[in-house]
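Working notes, structure below.
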2 protein chains.
Amino acid sequence: MASDHTRSAILAAAERLYADRGFGDVTLRDIVAEANVNLAAVNYHFGSKDELIAELFVSRSIATNRERLRELKAAEEQGGGRAPIEVILRALVGPTLRGCLGPENQRSTAARFMIRASIESVPPIRRIKNREIDHLRKFAGAMRRALPDRSDVDIYWGLNFALAMAHHTIRESERLTKLSEGQCDLDDVEDVVARVVSVATMALRAGKAEARAPARALARDAR
Amino acid sequence: MASDHTRSAILAAAERLYADRGFGDVTLRDIVAEANVNLAAVNYHFGSKDELIAELFVSRSIATNRERLRELKAAEEQGGGRAPIEVILRALVGPTLRGCLGPENQRSTAARFMIRASIESVPPIRRIKNREIDHLRKFAGAMRRALPDRSDVDIYWGLNFALAMAHHTIRESERLTKLSEGQCDLDDVEDVVARVVSVATMALRAGKAEARAPARALARDAR
DNA sequence: GATAGTTTCATACAAGTGTTTGAATTGCAA
DNA sequence: TTGCAATTCAAACACTTGTATGAAACTATC
């Protein structure tokens, strides 16, 4: 076991390369070159390339989930077991947005790696990813307590849309900057968080009937 | 030129395979096997694998954009050059959602291919994708006309969130079904469209100050 | 029906992939 | 120091990838 230097050098190099270039075009030879270790070290320490990726993803997703739950729990304890919906949503999308947006040099490699993982869906990760369901269910539970008059279906849709806005904004941040000719400031992370939380809150709070029926009627007219 | 049978067989097979399994693990040999043509036919008819992918993407994205613009134009003409925001949003997200959700057998291969393309971001497609900006700008223009009191920044954010909800819902439809234990019905496409349009409309209509400031204050308390 | 141009085909090629091997080196305990 | 296990290393392996080749088959024109 000794120093573990090689092992952690591989993990760090792999995470950095995957974060920067995606899983598609990073080879084991790229990784070992970046880590300054021998090619065979990967298979010696991890068994296979897929197991390396899986280990990377598992450890990082545990960390992210812990961070989100920490914020959620703190808020719920303060509110006597019930937190306002805005704070719950902020605990859900805040950590990821903060990690993946903002000035280039402030982005953590870990978060950028996780985004890649959520985008590219490579086999070893897909196999693991189902565990995230349990994690999301905890947030669904908190949201239900915050909005006891909303149906389960509405809760799940709100959760879905909150994650949608956060992840999509991260993934397409470059395009949004270009589209808006720089007017949308993706480096102002707290503004982005506030926007996402605000819209998701409205989505969850709005009554179903009054918000949706008109849209449907209008659309029928336009066909 | 003659029958073009081989050429279109390749296109059809490639589109189907890419839609089903993604770009990552579909080889030229898979494609020619599916199309029942010779391996060399791809390079003969398209020049290279990347050019095949590019041609596929270009033709499909032209078709999708045309469909969206058709709906938009129809609505604007009916409204005398100004369509309600709900209808604009519906024209933006409707075609894609309708193509990619709904009962398995009703999903068009073309749309599923486009989703893959929007997710996996393979080099030949990334090179082309910037053209989509111009297309989205047309929608931004229509939205500005529908909501003249909103700032450009808010318009772009609304556009971004609408696309976010649509694309994410498609990408993660399976997870949402599992998370909600089947309570969220992803096969009811018009309901999904209505939900996305409704939330995006609220996001665009809501005043900035009153909707976001409270969320920020609450979050500060919870830290 | 011969000819020229197009399309198909089996096959080979060069490059790159993850993985394995077995010998060399290292670090540590007896 | 000696011995032994853990680790590193260069090299090779087996396989897959996209692409290229040149002959064969086809098609249409004269």
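Order of the sequence lines sets the chain letters (A, B, ...), proteins ahead of strands, with each chain counted from 1. Only this structure's heavy atoms are used, side chains among them; waters, hydrogens and symmetry mates stay out.
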Rounded to whole Å, please give me the gap between [atom1] in [X] and [atom2] in [N].
| X | N | atom1 | atom2 | result |
| --- | --- | --- | --- | --- |
| B:H5 | D:dC26 | NE2 | P | 15 Å |
| B:N36 | C:dC9 | CG | C1' | 14 Å |
| A:D25 | D:dT17 | CG | P | 17 Å |
| B:I31 | D:dT17 | CD1 | P | 11 Å |
| A:L28 | D:dA11 | CG | P | 19 Å |
| A:K49 | C:dG16 | NZ | P | 15 Å |
| B:D30 | D:dG18 | CG | C1' | 13 Å |

Check your understanding: Given that A:T27 and A:Y44 both sit by DNA chain C, which one's nearest nucleotide is further toward the 5' end?
Key -> A:T27
Ionic contact status for [Y] with [X], cut-off 4.0 Å:
| X | Y | answer |
| --- | --- | --- |
| B:D191 | B:R195 | yes |
| B:E67 | B:R70 | yes |
| B:D30 | B:R16 | no |

Show the distances under 3.5 angstrom between N or O atoms of the protein and N or O atoms of nucleotides 20-25 of chain D.
none

Review point. Looking at D:dG18, does its base get a donor-acceptor pair with the side chain of B:R29 below 3.5 Å?
Key: yes
Review point. Considering only side-chain heavy atoms of A:H45, which listed nucleotide, D:dT8, C:dG18, D:dT19, is closest?
Key: D:dT8
Revision key, fill the gap. With the side chain defined as heavy atoms from C-beta on, A:S48 is closest, among D:dT17, C:dT7, C:dT19, to C:dT19
Exercise for review: Could you pull out all residues at least two apart from B:F57 that satisfy ring-ring contact (aromatic ring centres under 6.0 Å, His included)?
Suggested key: none
Practice item. Over all heavy atoms of both residues, which pair between A:R7 and A:H45 is shortest? Give the atoms and the distance, please. Key: NH1-O, 3.2 Å
Practice item. Over 60° means perpendicular and under 30° means parallel, so classify the ring planes of B:F113 and B:Y18, tilted if in between. Key: tilted
Review point. With under 30° as parallel and over 60° as perpendicular, where do the rings of A:H167 and B:H168 fit, or are they tilted in between?
Key: tilted
Review point. So, is B:T6 close to the C:dT8 phosphate, meaning a side-chain N or O under 4.0 Å from OP1 or OP2?
Key: yes
